2 protein chains.
Amino acid sequence: MDGIASLITIDRFSPVPLYFQVATSLEDLIESGRLPAGSRLDTEVMLADRLGLSRPTMRQAIAHLVDKGLVVRKRGVGTQVVHSAVRRKVELTSLNDDLRRAQRSPRTEVLAFSVAPAPEHIAVALHLEPGADVITTQRLRYAEDEPLALMHNYLPAGVAPGLTAEQLGEQGLYQVLRTHGVQLRIADQTIGARRATAAEARLLGESRGAPLLTMQRTAYDHAGRAIEYGSHVYRADRYSFEVSLVAR
Amino acid sequence: MDGIASLITIDRFSPVPLYFQVATSLEDLIESGRLPAGSRLDTEVMLADRLGLSRPTMRQAIAHLVDKGLVVRKRGVGTQVVHSAVRRKVELTSLNDDLRRAQRSPRTEVLAFSVAPAPEHIAVALHLEPGADVITTQRLRYAEDEPLALMHNYLPAGVAPGLTAEQLGEQGLYQVLRTHGVQLRIADQTIGARRATAAEARLLGESRGAPLLTMQRTAYDHAGRAIEYGSHVYRADRYSFEVSLVAR
DNA sequence: CAGTGGTCTAGACCACCTT
DNA sequence: AGGTGGTCTAGACCACTGA
């Protein structure tokens with residue numbers, strides 16, 4: 001048993017930073033179970049030595065894992081892989097991506113698509129000048145051929161030039177944004193509940209007054225620019241939010 | 001104009017790490033508006049020089065701010081304070097703390113309090129052996145003398161020895177846990193909605209069938225031990241969740 | 001081109017935990 | 001006492017940005 005260093009290879013000529021190569025390798029070992037929950041990693045000095053890295057670089061790699069909540073470090077003790085149940089992802093996800101992952105065959109109907117000056121409250125949510133142009137969409141999302149969510153989205157017109165209703169019907173908003181090179185980084189969400197209006201009930205195939213989950217979200221890119229504001233309602237009997245929080 | 005370094009003092013004899021002293025100082029300057037949104041920080045080399053620190057230490061301080069989403073860094077450009085609206089807190093909060101902060105005068109009525117072997121699904125949620133002892137509580141939370149939430153909580157008996165119903169009535173669960181030296185770090189939450197049962201409607205002063213927000217949460221401490229499982233319902237017309245997500 | 005942050009090294013001392 | 005992670009230093013080279 002010479003530890004786990006032998007399972008990690010690093011490429012000094014890769015453009016990928018060394019610490020990142022090591023971090024993703026370790027992540028894979030943990031996810032795949034070759035570093036089981038509760039097991040102890042080699043010390044950072046040993047790992048650095050075996051991989052031919054300096055200790056600060058090795059520390060940077062492990063710090064990434066700590067940040068993701070994959071491992072726990074204790075001075076004088078060592079570095080331990082945390083219990084698997086704690087390893088839920090903390091992600092900025094889209095409904096479409098979620099459904100795809102869960103293999104619930106999403107389908108999208110684009111009910112409205114237009115470019116027009118932003119109404120007051122939308123301009124505020126996106127931190128735009130009043131009257132700036134925004135793309136406005138209204139979509140109905142199905143999962144397994146049952147209606148699941150009614151989604152209203154607003155984007156500054158400059159964010160996704162050339163966006164079409166057809167694209168949105170096929171790809172999901174966040175997917176489209178990624179192809180436009182937009183990287184979302186922070187999202188502020190408000191989650192609540194209320195009774196369905198008559199129109200919502202009809203579109204979602206629910207009875208009038210049925211409980212709906214509501215979510216408003218503003219998403220920002222890496223530079224802090226507001227990219228998207230969404231106001232959505234979900235059938236409460238078919239959807240719920242999972243959120244993981246990490247204290248800082 | 002000699003930059004912001006003159007506004008920061010560091011104490012080399014303090015047990016608080018230098019990078020942390022600098023990070024919190026910068027945080028204060030940003031929160032207080034003395035470093036306004038959009039303004040550029042001095043370069044890390046300059047700051048390190050003026051504060052008498054090495055560059056890696058200065059980097060570590062700024063990295064903290066990046067991690068919190070307070071500033072954005074671009075190679076070749078510099079470090080900028082992000083737009084204030086993006087600076088929502090990402091926190092592991094308790095309802096009681098939230099209400100206190102919002103000055104909505106919370107009050108708690110303890111409806112049940114006991115220690116007993118855990119039911120199957122609670123044992124699973126807390127990763128305990130079936131039949132292990134858990135503290136079980138049921139509480140009704142008021143804000144401004146109106147009922148707001150009905151909360152069921154379950155804690156491994158060892159977590160908070162000597163916990164009493166009286167304490168819970170006065171202090172809020174998370175507050176009590178802090179006095180027991182418990183530091184929560186990760187929480188997995190599921191947020192949904194459904195109609196109120198007759199009993200829930202009566203306790204919460206709602207009509208039967210009114211929409212309720214529901215939340216189940218398992219919270220873990222820094223070592224990955226499950227500390228608390230809660231299953232709560234909230235009046236949808238008086239409460240909503242705010243969540244901030246940061247992509248990694 | 002000059003200036004910025006991103007990465008990396010090879011050491012050092014310390015606080016904390018286990019034995 | 002011995003080993004662990006936590007902090008800190010003083011350099012170095014590189015990639016990217018902007019004028």
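Note that the structure is predicted; figures quoted are calculated from it, not measured. Heavy atoms only: backbone and side chains are in, while hydrogens, waters and symmetry mates are out.
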Next item on the list: Specify the residue among B/Arg40 and A/Leu18 whose closest nucleotide of DNA chain C lies further upstream toward the 5′ end.
Entry: B/Arg40
Note to self: Nearest heavy atom decides the nucleotide; on that basis, is B/Arg59 or B/Met46 closer to the 5' end of DNA chain C?
What the structure shows: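 On the 5' side of the pair lies B/Met46.
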Checklist line | B/Pro56: partners by side-chain contact (heavy atoms from CB on, under 4.5 Å), with sequence neighbours left out | finding: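 If we apply the side-chain contact (heavy atoms from CB on, under 4.5 Å) test to B/Pro56, skipping adjacent residues, the hits are B/Ser54.
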Notebook entry, point to check: For B/Ser240, which residues count as a side-chain contact (heavy atoms from CB on, under 4.5 Å) partner, sequence neighbours excluded?
Noted result: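 By the side-chain contact (heavy atoms from CB on, under 4.5 Å) rule, B/Ser240 matches A/Thr190.
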Next item on the list: Summarise how protein sits on nucleotides 14-19 of chain C as a single string, 5' to 3': B when a protein heavy atom is under 4.0 Å from the base, S for sugar-phosphate-only contact, - for no contact.
Entry: -BBS--
Next item on the list: Sort and list the pairs that fulfil salt bridge (charged side-chain N to carboxylate O under 4.0 Å, His left out) and have at least one residue in residues 156-181 of chain A, not counting sequence neighbours.
Entry: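 Non-adjacent pairs meeting salt bridge (charged side-chain N to carboxylate O under 4.0 Å, His left out): A/Asp97-A/Arg178.
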Next item on the list: Return yes if some donor-acceptor pair links the side-chain N/O of B/Gln167 with the main-chain N/O of B/Val176 below 3.5 Å, else return no.
Entry: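 Not a single qualifying donor-acceptor pair exists.
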Margin query: Among residues at least two apart in sequence or on other chains, which ones pass ring pair (Phe, Tyr, Trp, His ring centres under 6.0 Å) with B/Phe241?
Written below: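 Testing B/Phe241 for ring pair (Phe, Tyr, Trp, His ring centres under 6.0 Å), a comparison that skips the adjacent residues, returns B/Tyr234, B/Tyr239.
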Margin query: Could you check whether B/Asp42 pairs with B/Arg50 (Lys NZ or Arg NE/NH1/NH2 to Asp/Glu carboxylate O, under 4.0 Å)?
Written below: yes
Margin query: Any donor-acceptor pair under 3.5 Å linking the side-chain atoms of B/Asn153 with those of B/Glu228?
Written below: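 Note: B/Glu228 and B/Asn153 side chains meet the donor-acceptor criterion.
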Next item on the list: Would you please indicate if the ring centroids of A/His127 and A/Tyr220 are separated by under 6.0 Å?
Entry: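 When the ring centroids of A/His127 and A/Tyr220 are compared, they turn out to be within the sub-6.0 Å range.
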Check: With sugar-phosphate meaning primed atoms plus P, OP1 and OP2, does B/Pro17 contact a base, only sugar-phosphate, or nothing at under 4.0 Å between heavy atoms?
Finding: sugar-phosphate
Next item on the list: Using the heavy-atom set of chain B and a strict 4.0 Å cut-off, write down the first and last nucleotide of DNA chain D that makes it in, 5' to 3'.
Entry: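 The protein-touched segment is D/dT7 to D/dT17.
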Notebook entry, point to check: For DNA chain D, whose closest nucleotide is more 5', that of B/Arg55 or that of B/Gln60?
Noted result: B/Gln60
